[in-house]
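The figures that follow rest on heavy atoms only: side chains count, while hydrogens, waters and symmetry mates do not. Just follow the structure's listing: the first ligand is 1, and inside any ligand the first atom is 1. Model, not experiment: these values are computed from the prediction.
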Amino acid sequence: MKILITGGAGFMGSTFIKYILKNHPDWQIVNLDKLTYAGNPENLKEVENCQNYEFVKGDIANRGDVEKAIGDGVDKIINYAAETHVDRSILEPDAFIKTDVFGTFTLLEAMRQHNVAQYIQISTDEVYGSIQNGLFTEASPFEPNSPYAASKASGDLLCRAYFKTYNLPIIVTHSCNFYGPNQYPEKLIPLFVTNLLEDKKVPVYGKGNQSREWIFTNDHCRAIELLAEKGQPGEVYNIGTGWCKENMEVTRFILAELGFGEEKIEFVKDRPGHDLRYALNSQKLKNLGWAHSLSWEEGMRRTISWYKENEDRWKKIKSGEYLEYYKRQYAERS
Ligand code: NAD
Ligand code: TYD
């Protein structure tokens with residue numbers, strides 16, 4: 001089995017590649033990644049010399065790059081590649097449209113030319129917008145509120161159209177927020193943990209009463225592995241754990257684990273268009289046999305420990321382009 005994984009140098013893509021090479025040593029992996037600020041070859045150092053792993057530097061929005069990665073053919077395509085950070089999409093949406101919309105389109109067009117047995121689109125619960133009470137099902141309407149969510153929703157709609165029109169074997173997943181070791185330190189959990197390890201404050205947007213559902217990396221890998229085996233073409237699958245936490249609860253947990261009090265919290269201006277709550281009904285995935293494997297707290301402790309033990313990995317990231325981004329973000333918001 002040969003699989004093209006796009007965006008495999010990022011947080012979840014690299015975690016999935018390592019998971020697959022460990023658990024399915026007979027699968028061949030080709031990783032197509034543009035190596036944006038979020039893509040880091042160091043994430044794959046331990047597998048870069050594996051015989052069944054190949055890296056292709058390139059853009060999913062460039063047909064030539066996609067053809068090069070497909071080569072003589074692949075059995076499956078799993079599309080992790082995306083621009084992923086909501087705050088960046090508010091500052092500079094262009095790259096989100098190019099990658100999340102046109103990039104998805106380019107991959108789907110390549111699917112039309114090649115005999116690929118399955119395509120999995122890794123997408124997000126943010127396409128549904130915000131829900132005050134209850135849970136989003138796979139039939140909930142798309143009501144995206146950020147340029148990021150709108151770009152992912154657009155890519156997902158193209159997937160739907162390519163299934164309906166061309167009968168291509170496409171699956172779309174809508175996952176809740178990922179957390180775990182090695183996430184780029186711009187997202188809530190790694191930003192707060194690394195700030196505290198640097199003895200800095202943590203910037204809570206607004207009142208911190210927004211709620212997110214969380215899934216640990218390994219459990220997301222297991223969900224995609226299951227869908228690669230049992231997912232049905234044309235179907236959409238929500239991927240969630242039921243662990244819905246307000247941002248203040250997440251913040252207090254991290255503070256307590258690292259031995260700090262609330263004096264380390266800085267309440268800052270809210271994110272424009274900030275979604276209040278995401279929560280998924282994931283029964284369809286559970287019906288295929290998936291269940292999460294550890295508690296939210298255990299996942300948090302493993303995550304925090306990783307950042308404590310791997311300062312060399314994130315300290316060098318928190319400079320250069322990273323600082324430029326924060327300067328732009330705070331200049332815009334103030
Ligand atoms: P990430 O930002 O850590 O990594 C994205 C990767 O995509 C990077 O390696 C980057 O270099 C690559 N990339 C970006 N543009 C590209 C292009 N044009 N061509 C090729 N490669 C390109 O992302 P992540 O947080 O690991 O998310 C992975 C996927 O999961 C995304 O599709 C995202 O929308 C989705 N998702 C993320 C979350 C979350 O909480 N992070 C939740 C649900 C769904
Ligand atoms: P984030 O990790 O950016 O994921 P998403 O917006 O895709 O869910 O943010 C998670 C939540 O944390 C979201 O409600 C915004 C909030 N947040 C803060 O309060 N402060 C921060 O510095 C960041 C990055 C996020």
Side-chain angles (χ1 to χ4, degrees), residues 5-16 31-41 43-44 56-62 65-66 69 78-90 95-96 98-104 106-107 120-127 130 145-146 148-149 151-152 155-156 173-180 182-192 195 201-215 217 220 224 238-240 245-248 250-251 265-271 273-278 280 326 329-330:
I5 294 178
T6 66
F11 167 50
M12 236 3 266
S14 64
T15 308
F16 185 72
N31 172 15
L32 172 65
D33 197 296
K34 189 178 173 184
L35 296 183
T36 68
Y37 78 93
N40 185 352
N43 293 341
L44 293 154
V56 177
K57 184 174 185 308
D59 187 340
I60 60 163
N62 179 306
D65 291 349
V66 171
I78 307 184
N79 181 27
Y80 283 88
E83 288 292 334
T84 63
H85 190 45
V86 173
D87 293 315
R88 284 179 190 261
S89 82
I90 295 168
F96 289 74
K98 285 181 190 135
T99 291
D100 303 3
V101 187
F102 197 76
T104 300
T106 308
L107 290 173
I120 303 181
Q121 172 82 347
I122 306 296
S123 192
T124 167
D125 55 7
E126 304 193 26
V127 298
S130 187
N145 293 316
S146 69
Y148 164 63
S151 70
K152 291 296 290 186
D156 298 355
T173 64
H174 292 143
S175 176
C176 64
N177 287 46
F178 307 149
Y179 75 108
N182 208 20
Q183 188 169 25
Y184 193 86
E186 64 187 351
K187 305 273 187 344
L188 175 77
I189 291 172
L191 177 71
F192 283 18
N195 272 13
K201 291 199 167 190
V202 296
V204 172
Y205 296 166
K207 294 187 184 127
N209 60 336
Q210 303 80 11
S211 175
R212 297 291 181 267
E213 184 173 352
W214 295 94
I215 185 167
T217 43
H220 189 268
I224 302 305
N238 286 346
I239 306 179
K245 310 278 173 195
E246 286 199 2
N247 292 342
M248 280 305 289
V250 176
T251 305
I265 296 176
E266 186 180 8
F267 289 96
V268 298
K269 197 166 174 187
D270 209 350
R271 173 188 275 175
H274 198 171
D275 284 332
L276 184 64
R277 179 172 176 267
Y278 305 138
L280 293 172
Y326 276 98
Q329 163 151 293
Y330 287 108

Does an N or O from [X], backbone or side chain, lie closer than 3.5 Å to an N or O of ligand 2?
{"X": "Glu126", "value": "yes"}
{"X": "Lys187", "value": "no"}
{"X": "Leu188", "value": "yes"}

Any donor-acceptor pair under 3.5 Å linking the side chain of [X] with the backbone of [Y]?
{"X": "Asp65", "Y": "Asp59", "answer": "yes"}
{"X": "Thr6", "Y": "Ala81", "answer": "yes"}
{"X": "Ser151", "Y": "Val101", "answer": "no"}

Would one find an N or O of [X], backbone or side chain, under 3.5 Å from an N or O of ligand 1?
{"X": "Met12", "result": "yes"}
{"X": "Glu83", "result": "no"}
{"X": "Asn79", "result": "no"}
{"X": "Gly10", "result": "yes"}
{"X": "Ser175", "result": "no"}

Please list the nearest protein heavy atom to [atom] with its residue and the distance rounded to 0.1 Å.
{"atom": "atom 20 (N) of ligand 2", "value": "Pro203 O, 2.7 Å"}
{"atom": "atom 20 (C) of ligand 1", "value": "Lys34 N, 3.2 Å"}
{"atom": "atom 6 (O) of ligand 2", "value": "Arg271 NH1, 2.5 Å"}
{"atom": "atom 15 (N) of ligand 1", "value": "Thr99 CG2, 3.5 Å"}
{"atom": "atom 11 (O) of ligand 1", "value": "Asp33 OD1, 2.6 Å"}
{"atom": "atom 3 (O) of ligand 1", "value": "Phe11 N, 3.0 Å"}
{"atom": "atom 25 (C) of ligand 2", "value": "Tyr205 CE1, 3.6 Å"}
{"atom": "atom 19 (N) of ligand 1", "value": "Ile60 N, 2.9 Å"}
{"atom": "atom 27 (O) of ligand 1", "value": "Thr84 CG2, 3.7 Å"}
{"atom": "atom 5 (C) of ligand 1", "value": "Ala82 O, 3.5 Å"}
{"atom": "atom 12 (O) of ligand 2", "value": "Asn247 ND2, 3.3 Å"}
{"atom": "atom 10 (C) of ligand 1", "value": "Thr36 OG1, 3.3 Å"}
{"atom": "atom 8 (O) of ligand 2", "value": "Arg212 NE, 2.7 Å"}
{"atom": "atom 4 (O) of ligand 2", "value": "Asn177 ND2, 3.4 Å"}

With side-chain contact (heavy atoms from CB on, under 4.5 Å) as the criterion, how do Asn40 and Tyr184 come out once you've worked through the C-alpha distance, each side chain's angles and the decisive distance to 0.1 Å? CA-CA 10 Å; Asn40 185 352; Tyr184 193 86; over 6 Å; no
Closest to [atom] among [options] (heavy-atom distance):
{"atom": "atom 33 (C) of ligand 1", "options": "Trp214, Tyr148, Tyr179, Tyr184", "result": "Tyr148"}
{"atom": "atom 15 (C) of ligand 2", "options": "Gln210, His274, Gln329", "result": "His274"}
{"atom": "atom 24 (C) of ligand 2", "options": "Lys207, Glu186, Lys245, Met248", "result": "Glu186"}
{"atom": "atom 36 (N) of ligand 1", "options": "Tyr278, Tyr80, Phe178", "result": "Phe178"}
{"atom": "atom 18 (N) of ligand 1", "options": "Asn43, Asp59, Leu188", "result": "Asp59"}

side-chain contact (heavy atoms from CB on, under 4.5 Å) between Glu186 and Arg88, intermediate numbers included: CA-CA 10 Å; Glu186 64 187 351; Arg88 284 179 190 261; 2.6 Å; yes
If we set the cut-off at 4.0 Å for heavy atoms, which region of [X] has an atom near ligand 1: side chain, backbone, both, or neither?
{"X": "Cys176", "result": "backbone"}
{"X": "Asn40", "result": "neither"}
{"X": "Lys152", "result": "side chain"}

Roughly how far apart are [X] [atom1] and [Y] [atom2], rounded to 0.5 Å?
{"X": "Phe16", "Y": "Ile224", "atom1": "CZ", "atom2": "CD1", "answer": "6.5 Å"}
{"X": "Leu276", "Y": "Arg212", "atom1": "CG", "atom2": "CZ", "answer": "8.0 Å"}
{"X": "Asp87", "Y": "Tyr205", "atom1": "CG", "atom2": "OH", "answer": "3.5 Å"}

Check ligand 1 against [X] and write out every atom of the ligand that is under 4.0 Å from a heavy-atom position of the residue.
{"X": "Gly7", "value": "6 (C), 7 (O), 9 (O), 12 (C)"}
{"X": "Asn177", "value": "40 (O)"}
{"X": "Ala38", "value": "2 (O), 8 (C)"}

For [X], is the nearest heavy atom under 4.0 Å from an atom of ligand 1?
{"X": "Thr6", "value": "no"}
{"X": "Ser123", "value": "yes"}
{"X": "Gly8", "value": "no"}
{"X": "Gly58", "value": "yes"}
{"X": "Tyr37", "value": "no"}

Out of Asp125, Leu280, Thr124, Ile215, which residue meets the side-chain contact (heavy atoms from CB on, under 4.5 Å) rule with Ser175?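 Answer to the side-chain contact (heavy atoms from CB on, under 4.5 Å) test with Ser175 among Asp125, Leu280, Thr124, Ile215: Ile215.
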Fit a plane to each ring of Phe178 and Phe11, take the angle between them on a 0 to 90° scale, and name the class: parallel (under 30°), tilted (30 to 60°) or perpendicular (over 60°).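 Correct class here is tilted.
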Hey, what's the ring geometry for His220 with Tyr80, parallel, tilted or perpendicular (30° and 60° as the breaks)?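 Plane angle over 60°, so perpendicular.
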Would you find more than 12 non-hydrogen atoms of other residues, nucleotides or ligands less than 6.0 Å from Lys245 atom NZ?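 Atom NZ in Lys245 is packed in, count exceeds 12.
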Flag yes if more than 12 heavy atoms outside Lys201 fall under 6.0 Å of its NZ atom; otherwise flag no.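 Yes.
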Using salt bridge (charged side-chain N to carboxylate O under 4.0 Å, His left out), reason through Lys152 and Asp100 one step at a time and then give a plain yes or no. CA-CA 6 Å; Lys152 291 296 290 186; Asp100 303 3; 5.4 Å; no
Just by distance, with hydrogens left out, do Tyr148 and Glu83 show a side-chain donor and acceptor under 3.5 Å apart?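 No, Glu83 and Tyr148 have no side-chain donor paired with an acceptor closer than 3.5 Å.
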Do Gln121 and Asn79 have side-chain N/O donor and acceptor atoms under 3.5 Å apart?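 Short answer, yes.
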Tyr148 to ligand 2, any heavy atom closer than 4.0 Å: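 Flag not set, Tyr148 not near ligand 2.
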For Leu191, which part has a heavy atom under 4.0 Å from ligand 2: side chain, backbone, both, or neither?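 Just the side chain.
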Evaluate side-chain contact (heavy atoms from CB on, under 4.5 Å) for Lys187 paired with Thr84, printing each intermediate quantity in order. CA-CA 10 Å; Lys187 305 273 187 344; Thr84 63; 3.0 Å; yes
